[in-house]
Number of protein chains: 2
Amino acid sequence: MNRADETTRPGDGDPAVPPDAALLPVTVDVVALTVRDDALQVLLVERGVDPFRGALALPGGFVLPGEGLTAAATRELAEEAGVAPPGHLEQLGTYGPLGRDPRGPVLSVAHLLLAPDFGVVRPGSDAGAVAWHPATEVLDGATLAFDHARILADGVERARSKLEYSPLATAFCGPEFTVAELRRVYEAVWGVRLDPRNFSRKATGTPGLLEETGRTTSGGAGRPAALYRAAAGGSAGRRDTGVEDGPAVVRAVIDPPLLRPRA
Amino acid sequence: MNRADETTRPGDGDPAVPPDAALLPVTVDVVALTVRDDALQVLLVERGVDPFRGALALPGGFVLPGEGLTAAATRELAEEAGVAPPGHLEQLGTYGPLGRDPRGPVLSVAHLLLAPDFGVVRPGSDAGAVAWHPATEVLDGATLAFDHARILADGVERARSKLEYSPLATAFCGPEFTVAELRRVYEAVWGVRLDPRNFSRKATGTPGLLEETGRTTSGGAGRPAALYRAAAGGSAGRRDTGVEDGPAVVRAVIDPPLLRPRA
DNA sequence: CCCGATTCTCGTCAACTTGACGACAAAGCG
DNA sequence: CGCTTTGTCGTCAAGTTGACGAGAATCGGG
């Protein structure tokens, strides 16, 4: 862009955006992941309008004037899924604007939500059914609207990778959880089995990851388990400190990292 | 894409984007990093126009109609720095649109370029001086235009973190390089000293990172060093395979990772 | 009330990786 | 010809991982 082209509108104190700049509609799409029935599941909506009417899609929609990216993402989740979910929301990446929407050039800022299994979910105003779907099934048999299959694949890979070095696995759990619950999160997201003894050693031995509550489970089968909560500041990135919209900055806590078993 | 589903406004080739969607100007900004004089340096331009006339800024500018994100980033680099640089270009994240540009809401898709030290750089047609600046100095004494200080900080942190597990350090080197050159990249980016013997063991012992050329350096002081090139597919992410614009997907190669020394 | 099943937790041990460092190899320089 | 510089190979203690044994604490059924 030739910045010499930038002009000042008469009667306007601020310089104006150059007239040859593209003005693009922007959507936010959310890859909302949870762990349900020991499987990684993704929240999908059935589109109620064209294009791709009737197809499955990620929840999302257009950014409105005066709105920030994170605000748009949470608003769309509320509108389409009827939830103001807890958990960790971070920016995933930006797609487009060319060749991904039949309506023309549209920029899409994808987000990633890692959340505990929040109960479903009322159908949104302009969408059909809203439901959790096992991520592996969708990734394999994927026929999602737009380029949502690719966005979902990127989101799942991001989640898998972040579990290795960040405390974000705790975002899938409730406020208090056992080491075994945390392990089942890893097992579901990675699709592997982990040794409970070694996992417990690593989880409890990592400073800044878990905080003891002093309480234990009761009522279930087997020996009661100690209850923990996520350590303070554990999953706190820059997003929790301000209103700015930008990519995720999450502190690395698991050091050395807990690597996925390699085939 | 199923164009049969499109509903077309009469007399309008752009169907069905809802009328209440914001139409945003979008910029691309590039955090271009290299290693020069054993230091991590960032390419900055002096702005020639308001806003922030005379201030230092990341190279970048507005996306034009019909243009993709990556295309806009490379075009801006060519226009403002006079280079069609080699190296690795990936998306960093998207900032805004609120509160970051005095001209109004502007979305900025930041990119990260890791490149060998390409010779400077002609002043762009519409910008003032273009030059490399030591990253640490800029990060400390930072008064950059817009929110570019924050974007730079995010870009440097991304680069530092990616060196741990990806082969991207080779993007800072020329087509052939020695293990010592690669080590100096790590030392410059991380700002630490690494043991040459241990680094050599890790670099040469990591499958898929280096490829022997059979040749050696000559002429310099000391014993000649073996020349390597980046292993095929090493720094190749999805971006190299298609025209789609999206976030970076870089294969993890250094496994277990080469972690920064922790204080 | 005892017994097995289940689940959580602690301990042990070999294999591997890291960090620190000694030693040698191969060039240039006086 | 030594001396310096730089790259490469080895060695070794310390720490981490992966595999697994064994005990602790609870539930449910005979």
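We use all heavy atoms of the structure for the numbers below, so side chains are in, but hydrogens, waters and symmetry mates are not. Chain letters run A, B, ... following the sequence lines, proteins first and then strands; every chain starts at 1.
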Spacing of B/R223 atom CZ relative to C/dA23 atom P, expressed in whole Å:
17 Å
Could you check whether any side-chain heavy atom of B/R260 comes within less than 4.5 Å of a side-chain heavy atom of B/V192, counting everything from C-beta outward?
no
Please check if the side chain of B/D245 supplies one atom and the backbone of B/L69 the other of a donor-acceptor pair under 3.5 Å.
yes
For DNA chain D, which nucleotides open and close the run of contacts to chain B, 5' to 3', at under 4.0 angstrom from a non-hydrogen atom?
D/dT5 to D/dT11
Would you sort out whether B/F177 and B/Y228 count as a ring-ring contact (aromatic ring centres under 6.0 Å, His included), showing the intermediate values?
CA-CA 5 Å; B/F177 51 89; B/Y228 296 84; 7.3 Å; no
Close side-chain approach of B/L194 to B/P261, heavy-atom, < 4.5 Å:
yes
Residue closer to the 5' end of DNA chain D, A/P261 versus B/A226 (nearest nucleotide):
B/A226
Give a yes or no answer on whether the side chain of B/R160 reaches the backbone of B/V189 with a donor-acceptor pair at less than 3.5 Å.
yes
Tested for side-chain hydrogen bond (donor to acceptor under 3.5 Å, both in side chains) against A/Y95, the lone hit among A/D29, A/D147, A/D154 is A/D154
Between B/L258 and B/A221, which residue's closest nucleotide on DNA chain C lies nearer the 5′ terminus?
B/L258
Contacts to DNA chain C from residues 178-206 of chain B, heavy-atom cutoff under 4.0 Å, which residues?
B/D195, B/R197, B/N198, B/R201, B/K202
Would you mind reading off the distance between B/D255 atom CG and C/dC16 atom P, rounded to a whole angstrom?
15 Å
On DNA chain C, more 5' by nearest nucleotide between B/P256 and B/G220 is B/P256
